[in-house]
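A short worksheet on the structure shown next.
Every chain is numbered from 1 and lettered A, B, ... according to where its sequence line falls, protein lines coming before strand lines.
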There are 2 protein chains.
Amino acid sequence: MRISELSRTTGVSIASIKYYIREGVLAPGEVDGPNRSTYGDAHAARLRLVRGLVEGAGVSIAGVKRITAALDGGMPLNDAFGVAQAAVPLAGATTSEEPSEEAVERILAVVEGIGRFHPAIPIAARALDTFAVVGEPLSEKWLARYAEAAAIVARADFDELEERSDPAAQARIAAVGTALGDVVFQSLRRIAHATEGERRFPSPPASPSSDQETSS
Amino acid sequence: MRISELSRTTGVSIASIKYYIREGVLAPGEVDGPNRSTYGDAHAARLRLVRGLVEGAGVSIAGVKRITAALDGGMPLNDAFGVAQAAVPLAGATTSEEPSEEAVERILAVVEGIGRFHPAIPIAARALDTFAVVGEPLSEKWLARYAEAAAIVARADFDELEERSDPAAQARIAAVGTALGDVVFQSLRRIAHATEGERRFPSPPASPSSDQETSS
DNA sequence: GCTATCCGATAGCTACGCTATCCACGTGCG
DNA sequence: CGCACGTGGATAGCGTAGCTATCGGATAGC
């Protein structure tokens, strides 16, 4: 198919497709002549992946490029998630400020094994510091339950990965799952907040609009 | 204190402080004269909160403004998290594309009560759609475990909130916790991925650098 | 031939989060 | 008294990110 058809079937503008090709997140079409290129289903699939990561998970184009490069190059099984993690920076990774020793210790207290050397440790520690700086330090119990929940989803992620036998499929699940799993969890957490809030502090039964947006 | 001292004690440049005042996330100093204003500890605390949300959780200035407005105005207890949620948009909230019916049903199957009308539902559903579009749809078991983990952290969040008796402290915990809790969880999830990956696919014992960055 | 479309490159645009400059004023030190 | 310095307030600019619009040249199909 031609670029106009690719644009039509995916809903992505031609200009954007060209942009993605320029940025290296989408392979150029097969060149048939000086001004003639053909695109296949693989291009459409990749395009959907790119849009899903960018729109659905807020991954930057540079991050998408790293993910797709890893997908195309194949990744080692024991580090499938590690590669994806390196490609998708955490929200709090922009600062270079050092976390407090105490916060790092608190994080280390709830993780084990190889996790103790993970680059995400200082990010989590800085987040704890911010809670303290705002005047609302969090209890150990809170942190422990977060760690427990994180272990549950990590096991779920790996179980899902192990259901695939094809290494390429495993790589896809790891890459996409790292980015989109965050979004799914955040959404479910917010929904659970609403549910739990209603359970603990029931709203007056009169008007059933207890959310920030009077939903339909 | 004056603006220069405020800048020095918080590490935020004077220009940025002025910018925050302009944007309404920081109250102006008390005006003593035409070119003389005094800032207090409250300004320093607010400034640290702003930096924590912006740097630590990637919240936009507009989002911080909504959060601080809610903090200053007081929020209803049964919706403390709701207000914070509205102020901190999810990563995948930029698109307006409609999720598939099927994905919405799958989400609804794992949430209960008031959560069924939550604005985060379509976001989670779109994320599921993206997994499918990439060719790696996720199992019900995976989603159920995510929901279970989300319920655990939601309960932890509310327990933490209920430990405070001061409504202002509860509002702070809800607002900051919504944004920074995401960061803490994402970090712990990534750490857990490393731990779980090592458990399931042990790396060769020779070189202990099994992470994407040869850590120290 | 003529028109429509294509490819490729380049320049521009919008939003965001600052950052730098300018100005007039008033404090405070000598 | 005099004058440099810091201040508040306003405005303009900057750097990055993610597109988007336009241009030039070429060719396919009628």
For residues [X] and [Y], determine if any side-chain heavy atom of one lies less than 4.5 Å from a side-chain heavy atom of the other.
{"X": "B:R145", "Y": "A:D159", "value": "yes"}
{"X": "A:T130", "Y": "B:L53", "value": "no"}
{"X": "B:K65", "Y": "B:E23", "value": "no"}
{"X": "A:K18", "Y": "A:I3", "value": "yes"}
{"X": "A:I173", "Y": "A:E163", "value": "no"}

Item to check | A:R46: salt bridge (charged side-chain N to carboxylate O under 4.0 Å, His left out) partners, not counting sequence neighbours | outcome: A:D72

Tell me: [atom1] of [X] to [atom2] of [N], nearest whole Å?
{"X": "B:I61", "N": "C:dA15", "atom1": "CD1", "atom2": "C1'", "result": "13 Å"}
{"X": "B:K65", "N": "C:dG17", "atom1": "NZ", "atom2": "P", "result": "12 Å"}
{"X": "B:D32", "N": "D:dG6", "atom1": "CG", "atom2": "C1'", "result": "14 Å"}
{"X": "A:I14", "N": "D:dT22", "atom1": "CD1", "atom2": "C1'", "result": "14 Å"}
{"X": "B:I17", "N": "C:dT19", "atom1": "CD1", "atom2": "P", "result": "12 Å"}
{"X": "A:K18", "N": "D:dA21", "atom1": "NZ", "atom2": "C1'", "result": "10 Å"}
{"X": "A:L53", "N": "D:dG18", "atom1": "CG", "atom2": "C1'", "result": "15 Å"}
{"X": "A:L6", "N": "C:dC6", "atom1": "CG", "atom2": "C1'", "result": "14 Å"}

Work out which heavy atom in [X] is nearest to a heavy atom in [Y]; give both atom names and the distance.
{"X": "B:G177", "Y": "A:R189", "answer": "O-NH2, 2.8 Å"}
{"X": "B:L161", "Y": "B:A174", "answer": "CD1-CB, 4.1 Å"}
{"X": "B:V59", "Y": "B:A179", "answer": "CG2-CB, 3.9 Å"}
{"X": "B:A192", "Y": "A:A154", "answer": "CB-CB, 3.5 Å"}

Checklist entry - What are the residues of residues 37-44 of chain A, sorted by number, that bring a heavy atom to within less than 4.0 Å of DNA chain C? => result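 A:S37, A:Y39 - these, ordered by number, are the residues of the stretch whose heavy atoms sit under 4.0 Å from the strand.
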
Item to check | N or O in side chain of B:S13 less than 4.0 angstrom from C:dC18 OP1/OP2 | outcome: no

Item to check | Presence of A:S4 side-chain N/O under 4.0 Å of C:dC6 phosphate oxygens OP1/OP2 | outcome: yes

Next on the checklist: By the 4.0 Å heavy-atom rule, please label A:I3 as base, sugar-phosphate, or nothing.
Outcome noted: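 Touches sugar-phosphate only.
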
Item to check | Terminal axes of the helix from C:dG1-D:dC30 to C:dG30-D:dC1 (five pairs each): angle between them, nearest 10 degrees | outcome: 20°

Next on the checklist: Would you call the rings of B:F185 and A:F185 parallel, tilted or perpendicular, taking 30° and 60° as the class edges?
Outcome noted: parallel

Checklist entry - Atom CZ of B:R2 and atom OG1 of B:T38: how far apart are they, to the nearest 0.5 Å? => result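 Those atoms lie 7.5 Å apart.
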
Checklist entry - What's the spacing between B:E5 CD and B:I14 CD1 if we round to 0.5 Å? => result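 B:E5 atom CD to B:I14 atom CD1 measures 11.5 Å (nearest 0.5 Å).
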
Next on the checklist: What residues from residues 19-30 of chain A pass a heavy-atom cutoff of under 4.0 Å to DNA chain D?
Outcome noted: A:Y19, A:Y20, A:R22

Checklist entry - Does any pair with a residue in residues 29-42 of chain B pass salt bridge (charged side-chain N to carboxylate O under 4.0 Å, His left out), and if so which ones, sequence neighbours excluded? => result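 Those involving residues 29-42 of chain B do not exist here.
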
Checklist entry - What one-letter contact string describes nucleotides 24-30 of chain C from 5' to 3', where B marks a base within less than 4.0 Å of any protein heavy atom, S marks contact via sugar-phosphate atoms alone, and - marks no contact? => result -BSSS--

